[in-house]
There are 2 protein chains.
Amino acid sequence: MEKIIKGNCLEELKNIDSEIVDLIYLDPPFFTQKKHSLTTRDNRINYQFYDIWHSLNDYLFMMKKCLIECKRILKKTGNIFLHCDKSASHHLRVLLDQIFLPENFRSEIIWSYKRWSNSKKGLLNSHQTIYFYSKTYDFKFNTIYTDYSPTTNVDQIWQLREKNDYGKSVYKKDKNGNIILAQEKKGVPLSDVWEIPFLNPKAKERVGYPTQKPVLLLQQIINISTDEGDLVLDAFCGSGTTCVAAKSLHRNFIGIDISEDAIALTQKRLNEMIITNSKLLEKGKTSYIEKSEDELFLLKSINAIPVQRNNGIDGFLKRQFNEKPIPVRIQKKDETLENAIASINNSEQAKKSDLKIVIQTNNYHQLFPLEDEKIIVIKSSELLIKEELQKVNMMVYNKSN
Amino acid sequence: MEKIIKGNCLEELKNIDSEIVDLIYLDPPFFTQKKHSLTTRDNRINYQFYDIWHSLNDYLFMMKKCLIECKRILKKTGNIFLHCDKSASHHLRVLLDQIFLPENFRSEIIWSYKRWSNSKKGLLNSHQTIYFYSKTYDFKFNTIYTDYSPTTNVDQIWQLREKNDYGKSVYKKDKNGNIILAQEKKGVPLSDVWEIPFLNPKAKERVGYPTQKPVLLLQQIINISTDEGDLVLDAFCGSGTTCVAAKSLHRNFIGIDISEDAIALTQKRLNEMIITNSKLLEKGKTSYIEKSEDELFLLKSINAIPVQRNNGIDGFLKRQFNEKPIPVRIQKKDETLENAIASINNSEQAKKSDLKIVIQTNNYHQLFPLEDEKIIVIKSSELLIKEELQKVNMMVYNKSN
DNA sequence: TGGAATAGTGAATCTCATC
DNA sequence: GGATGAGATTCACTATTCC
C-alpha cells in the first residue's frame, strides 16, 4: 500500500482503522514560533509553513489529540518515533508519558550532526531529539550491529566473562583454568546517539523543502522497528522523506500532509526516488583527515588552526600579518626543506599571504641561504632537542677520549 | 575559597549568601529508582547511595526547592548546569523553565560516550543530558573554538564573500578582480554535543564511586561559564569531580554532599592533586588533569609524557640520556627563565637526571650565559615565531621610513 | 518599537579540470 | 575514461542593521 493523503492530520487519522500500523514517525512543527520558508534551486517553487502558535498550550493540545489517535491505530507490537528539537521536547515527552505511559518509553534518540552557522554567544545547536515509545512491552525491534570501536580490546570480545564474588567482571575459566571462548559476536548494538550528516545544501537529495530530513535517518528508524511489508505512517510527511525511505526498504506507507505543495512534492520524489548516499558516512570521517597526530600537536602548540584537503598548507596561525592569514607548512618526513618551501609557495591560497611559516622537522638536507623575505623557517622543538642531545653526546665522547 | 561541606543540600544552600556564586553544577540522583553501589578497586570501601523515591512528585518537590535556592545564590551573570539522564530529564526541564524561565534556557548539552553493551532489546543507551540555564540574559560565557571539520576547504574560510544580484553567495573581489582575504579566524565554536569518553573502568581517575563523572566534562563546563577566581558550587558533589576540576582551573569552589564517605573521598582527591616528586616516577603515566591545554600540546609535540603539576617538572621525554630520564620544564607565564631553571634544578626527581630541558616561552627577562652543561634551553616554537614576526615588523617599519 | 533585510558563517556536497 | 582533488556553492543559522 502506498497512500499519500492531503488533509488535516487529525481528521485523516480518524479515518484510519485501529491497530493496523506498525510504525508511526511524526515530524511535527517544533514550536519554533517562526515562519519557515525555502525556495527550490531553480527558484520556481517557494515552500513555506508557519510554525507560529498562539500559545504553548494550543500547540500541546493539538499534539495530544494527534498522539491519542496515533496510539489507537498502532498495532500492539507497534512503535512510535516523535521528532522534536529543544523548543518543546520536554513538554512533548510529558505528553508521550501520559498517553503511552512511562514504561513504554524505549529511547531518547539523539540525532547529532555538524552544521554551518555563525557563532553566537553560547553553544552551537547541533542535535535534535527523537523520542521512541512503543505501544506495549511486546514491541517489534531489530537489533542493528555496528563496528567495534578501534580501542576495543580483542580479548574481551573473544573470551566469556562472569562476575566474581566481589561483583567484578572477570574472564570465565573452566576447571582447568582455561579461558572459555565466547559465542559468535556480531558487533556493538546500535546506540541511541546517531551521527548522521545533516542534509547538505549541495546534496542532490535536497528538494528545496524547509526542514527536510535525510533519507538515511528515516531508513535507520524503519530498519530497527519494522520488517518488509509492514505499514509505516507519517502524519506530517512534508517533503515525503519517510515515504521515500519506506518505499526504498519495501515497506507499505501512508503519508499525510495538509499542504498541496508538500503532497505534490512527495509524489514527485516517489517517482524519481533520488537518494544520495552520504559520502562522509561511506568513506568515514577519518578518511578526510590527512594529518598525523604529531603534526596536529605541533600545529596546536603554535596556536595554529589545522586544515585538511590542501596540498601546500597544513594550517594557519590564529593571528594575522598585514591583515592577511599566515599559512603554516610542516616539513614531511621524506621531504627536503626546499620542497616543503616550494609546496607552500605553490598553494593558491598561500600566494595571497604576506608571510608564510615552514617548520623544519629534520636535518637530512642542508638548506642554502634563504632569500625570500616572505618565508620564515623555524626548527621544530623536537629537532632542536635532538640537535642539543647530539651536541652533548659529542662532548661526552670527546671528554672520555 | 575551598569548602567541602557535609550536610543536606537544601539546608546548606540556605546558609549561603545571595548572588555570590558564578556557576552551579548539579548532578543529583537521576530518579532511577535504584540503589547505586560500587566498590573501590582494592575492595576496601563500598560506596553506595539510594536513588529510590516514594513518587516522582516527591523527587521533583525536593529538586524544586533546591533549584529555587540555587537561583537565589547565583550572581546576575551566573549560570546553572543540571545533569540528568533519560529517567526524569523532561520533568526537570519543566522545573527549570518554571524557576529560571524559558528565555533563560541556553542549551541542551548532550554528553555522549561509548559504553560496553549489555545487549538488551532496544538501543544502547550512551548519552546523558545537561541542561544549561542562566539567571539572566546577561550571562557570562567564554566561547571555545574547535577545529574545522576535515571536509572544510581553506578557500572559503580564507576568502571574503558577498551576495550577488541573484542573492547567490560568491567570492568578493576588488576593482582589479582580485579576491579579498577574510578577517581573523579562530575556528568553529563549540557545539552542544560533547563526545567525552566515559570513565574507562580501568582509568586511574576512577575512584570507585558510582556515577562518577569525567574531570574533562566538568572542566569544559567550568571553562565556558567562568573565569579564574570565580566561585563554583556543586550541591551533590559525590566523588568530588567538580571540586577537582575547579581547583585545577584555579576557581574557588564549594562542594556539598550528605554522605560522610563522599566528603572523605573528595578531600582525599583534592589532597592528592599536590603530589610529591618522589611519587612521580612510580606513578608513571599520571593523569594530566591539571595541565593547561597549551602545555599539553607543547609536551606532546616534543614527544614527552606529561606529569601532574609539581614544583619542578612538567613532563619527561620518552627517550632517555645515560639511561636516566630527561625531565622537561616549561617556563610559566609570569616566571623568569632563571626561576624556571632553578625550579627544575630544585626538583628532587630532576636532580637524579644527567640532562634537563627547559622550554622558554617568553622573552621578558634576559638570560645571562648559561654555564650548566646539564641544562638545555630551547625556545618554544611559538616564541620563535613571535620573534621572527617582530623582526619582519621592524623591517617593514624601517623601509617605510 | 520590532519585523525584515543583510551580512557573516562553515559543512559537505557537486563540478570541473587535470592526470 | 575512471579516479582524484581543488574550488565554488548553498542554507530548519545568528547577530546586527535598518527602516
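Worth saying up front: this structure is predicted, and the values here are computed from it rather than measured.
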Determine the contact category for B/D147: base if any of its heavy atoms lies under 4.0 Å from a base atom, sugar-phosphate if only primed atoms, P, OP1 or OP2 are that close, otherwise nothing. nothing
Counting just side-chain N and O atoms, does B/Y171 come under 4.0 Å of either OP1 or OP2 of D/dA8? yes
Where the side chain of A/N125 is defined as all heavy atoms beyond and including C-beta, which of D/dC13, D/dT14, D/dA6 is the nearest nucleotide? D/dT14
Taking atom P of C/dT9 as reference, at what distance in whole Å does atom CG of A/L124 sit? 13 Å
Main-chain N/O of A/V193 paired to A/S191 side chain as donor or acceptor, under 3.5 Å: yes
Do we get B/R106 above B/F100's six-membered ring, with its NZ or CZ under 6.0 Å from the centre and within 45° of the axis? no
Give a yes or no on this: more than 12 heavy atoms of other residues, nucleotides or ligands lie within 6.0 Å of atom NZ of B/K186. no
Using a 4.0 Å heavy-atom cut-off, does A/D85 contact any base of the nucleic acid, only the sugar-phosphate backbone, or nothing at all? nothing
Going by modelled atom types, is there a donor-acceptor pair between the base of C/dT9 and the side chain of A/R115 at under 3.5 Å? no
Fit a plane to each ring of A/F198 and A/W111, take the angle between them on a 0 to 90° scale, and name the class: parallel (under 30°), tilted (30 to 60°) or perpendicular (over 60°). parallel
Length of the CG-P vector between B/L190 and C/dT9, whole Å: 19 Å
Got a salt bridge between B/D227 and B/K140, using NZ or NE/NH1/NH2 to carboxylate O under 4.0 Å? yes
Watson-Crick or G-U stems involving DNA chain D, each at least 3 pairs long, distances under 3.5 Å, ordered by first number: C:2-8 with D:13-19, C:10-19 with D:2-11
Rounded to whole Å, how long is the line connecting atom CD of A/Q308 with atom P of D/dG5? 13 Å
Within 45° cone of B/F139 ring axis and under 6.0 Å: A/K121 NZ or CZ: yes
Can you sort out which residues in residues 214-223 of chain A have a heavy atom within less than 4.0 Å of DNA chain D? Ascending by number, please. none
Salt bridge present between A/E195 and A/K114 (N-O < 4.0 angstrom): no
Readout for nucleotides 12-19 of chain C: B = base within 4.0 Å of protein heavy atom, S = sugar-phosphate only, - = neither; 5' to 3' it is BBS-----
Any idea which heavy atoms bring A/L96 and A/Y131 closest together, and the distance? CD1-CB, 3.6 Å
Atom CD of A/E348 and atom P of D/dA6 are separated, to the nearest Å, by 12 Å
In A/I275, A/I274, A/T266, the residue satisfying side chain to side chain contact (heavy atoms under 4.5 Å, CB included) with A/V244 is A/I275
Main-chain N/O of A/K356 paired with A/S353 side-chain donor or acceptor, under 3.5 Å: no
For A/Q33 and C/dG2, give me the distance from atom CD to atom P, rounded to whole Å. 16 Å
Over how many whole Å does the gap from B/I180 atom CD1 to C/dA7 atom C1' extend? 14 Å
Which comes earlier along DNA chain D counting from the 5' end, the contact point of A/G122 or that of A/N311, where each point is its nearest nucleotide? A/N311
Can you tell me the distance, in whole Å, between the CD1 atom of A/I313 and the C1' atom of D/dG7? 13 Å
Less than 6.0 angstrom from the centroid, inside 45 degrees of the normal: does A/R93 satisfy that with respect to the ring of A/F105? yes
Give a yes/no on whether any side-chain N or O of B/K172 is located under 4.0 angstrom from OP1 or OP2 of C/dA7. no
Could you pull out the closest heavy-atom pair between A/S126 and B/D192, with the gap in Å? N-OD1, 2.9 Å
B/I157 CD1 to D/dA8 C1', in whole Å, measures 14 Å
Just call it for A/Q128: base, sugar-phosphate, or nothing, with non-hydrogen atoms closer than 4.0 Å on any strand. nothing
